[in-house]
K.L.:
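Please find one structure pasted underneath; my questions will follow.
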Amino acid sequence: MRVSSNAAVYQNPSFVERRKSFRVCPPPSLVREIALWFKAPCATPTLNLTELGVPHLLSMHGEKKIQIKNISAAGICFSIDKAAFPPSSLLKCGHCYIYLKLLTPLPGKNTLRCLLLGMKLLGLSSDENTVQLRCQTITRAKPAGASKSFSLFNADRVGIKEISVWCDEIARMGRGLLPPITTCLDMENLLVEIFLQQSTTENIVSP
């Protein structure tokens, strides 16, 4: 059987490793939501919502208490405010689940990539105000049919394709190949935009 040149490239282990290790530092505005659960990896291929529970850390719309310092298809380094960092006892399991809602930087699109991943905790470092948490992707979760649960799949060999594509989009934007992100209307939060605009107008008009 003849293998095309593209197929040969993607079967090359060194190419896969390079794609997995390609990292970017994303703008906080593109990270709409982050949630972290410090829990041991699920013993079965199915993870239920009741097992997952309430996240130990939550950040929305680029809040500074949790931000992505850098990200690749194979792992993530988080920057977390020391005041928000959970008790060290939660880290003993050596594993966490993370939920990411990532906005594309492509102009004219409002595409979101929503991912639930299982991560191995690799290490911690800190400075005066923040803790850097380094994680390696080992599993990904996908909704399991009509049930309120997830099916878990191994992801440590090839990484997460959606994150790899997202990193490419951000890198292209940084090289000037895409227009910069603008402060246009956010259709996902249109009502919030309207109320904020109304509040601003009233403050300007009021004596």
K.L.:
Mind running side-chain contact (heavy atoms from CB on, under 4.5 Å) on Ile76 and Leu100 for me, showing each step along the way?
P.N.:
CA-CA 11 Å; Ile76 303 174; Leu100 298 174; 3.7 Å; yes

K.L.:
What ring pair (Phe, Tyr, Trp, His ring centres under 6.0 Å) pairs are there with at least one residue in residues 71-101, not counting sequence neighbours?
P.N.:
His95-Tyr97

K.L.:
Could you name each residue pair satisfying salt bridge (Lys or Arg N to Asp or Glu O under 4.0 Å) that touches residues 122-139, not counting sequence neighbours?
P.N.:
none

K.L.:
Does Trp166 use its side chain to pair, donor to acceptor, with the backbone of Leu103 at less than 3.5 Å?
P.N.:
yes

K.L.:
Can Leu57 be reached from Leu52 by stepping across I, L, V, M, F, W or Y side chains whose heavy atoms are under 4.5 Å apart?
P.N.:
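No: no chain of side-chain contacts under 4.5 Å links Leu52 to Leu57.
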
K.L.:
Nearest 0.5 Å please: distance from the NE2 atom of His56 over to the CG atom of Leu90.
P.N.:
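With rounding to 0.5 Å, NE2 (His56) is 4.5 Å from CG (Leu90).
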
K.L.:
Is there a side-chain contact (heavy atoms from CB on, under 4.5 Å) between Asn154 and Ile138 once you walk through the steps?
P.N.:
CA-CA 6 Å; Asn154 191 304; Ile138 56 175; over 6 Å; no

K.L.:
Using the side chain to side chain donor-acceptor pair (under 3.5 Å) criterion, which residues pair with Ser147? Sequence neighbours excluded.
P.N.:
Ser149

K.L.:
Under the side chain to side chain donor-acceptor pair (under 3.5 Å) test, which residues partner Asn48, sequence neighbours left out?
P.N.:
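Testing Asn48 for side chain to side chain donor-acceptor pair (under 3.5 Å), a comparison that skips the adjacent residues, returns Glu51.
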
K.L.:
Would you give the length of the straight line joining atom CG of Leu152 to atom OG1 of Thr139, rounded to the nearest 0.5 angstrom?
P.N.:
5.5 Å

K.L.:
Go through the structure and list residues passing side chain to side chain contact (heavy atoms under 4.5 Å, CB included) with Pro45, not counting sequence neighbours.
P.N.:
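So Pro45 forms no side chain to side chain contact (heavy atoms under 4.5 Å, CB included) with any residue.
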
K.L.:
Show me, pair by pair, the donor-acceptor contacts under 3.5 angstrom made by side chains of residues 113-125, not counting sequence neighbours?
P.N.:
unit_1	atom_1	unit_2	atom_2	d
Arg113	NH1	Glu169	OE1	3.2
Arg113	NH2	Glu169	OE2	3.0

K.L.:
Connecting only ILVMFWY residues whose side-chain heavy atoms lie within less than 4.5 Å of each other, what is the rest of Val54's hydrophobic cluster?
P.N.:
none

K.L.:
More than 12 foreign heavy atoms under 6.0 Å from NZ of Lys82: is that the case here?
P.N.:
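Buried by this count: over 12 neighbours within 6.0 Å.
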
K.L.:
Would the distance check show the side chain of Asn70 and the main-chain N or O of Ser72 forming a donor-acceptor pair, the cut-off being under 3.5 Å?
P.N.:
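It does not hold such a pair.
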
K.L.:
For the atom pair CG (Leu36) and CD1 (Ile66), what is the distance rounded to the nearest 0.5 Å?
P.N.:
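One finds 5.5 Å between CG of Leu36 and CD1 of Ile66.
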
K.L.:
Could you work out, with side chain to side chain donor-acceptor pair (under 3.5 Å) as the rule, every residue matching Asn129, not counting sequence neighbours?
P.N.:
none

K.L.:
With sequence neighbours excluded, tell me which residues meet salt bridge (Lys or Arg N to Asp or Glu O under 4.0 Å) with Glu162.
P.N.:
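Checked Glu162 against salt bridge (Lys or Arg N to Asp or Glu O under 4.0 Å); matches are Arg140.
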
K.L.:
Does Leu106 form a side-chain contact (heavy atoms from CB on, under 4.5 Å) with Thr111? I'd like the steps, not just the answer.
P.N.:
CA-CA 8 Å; Leu106 295 177; Thr111 304; over 6 Å; no

K.L.:
For Lys64, which residues count as a side chain to side chain contact (heavy atoms under 4.5 Å, CB included) partner, sequence neighbours excluded?
P.N.:
Gln67

K.L.:
Quick one: name the residues clustered hydrophobically with Met60, using the 4.5 Å side-chain heavy-atom rule over I, L, V, M, F, W, Y, and just say none if it's on its own.
P.N.:
Leu58

K.L.:
Apply side chain to side chain contact (heavy atoms under 4.5 Å, CB included) to Ser88 and list each qualifying residue two or more places apart in sequence or on a separate chain.
P.N.:
none

K.L.:
Would you give the length of the straight line joining atom OG1 of Thr137 to atom CD1 of Ile71, rounded to the nearest 0.5 angstrom?
P.N.:
7.5 Å

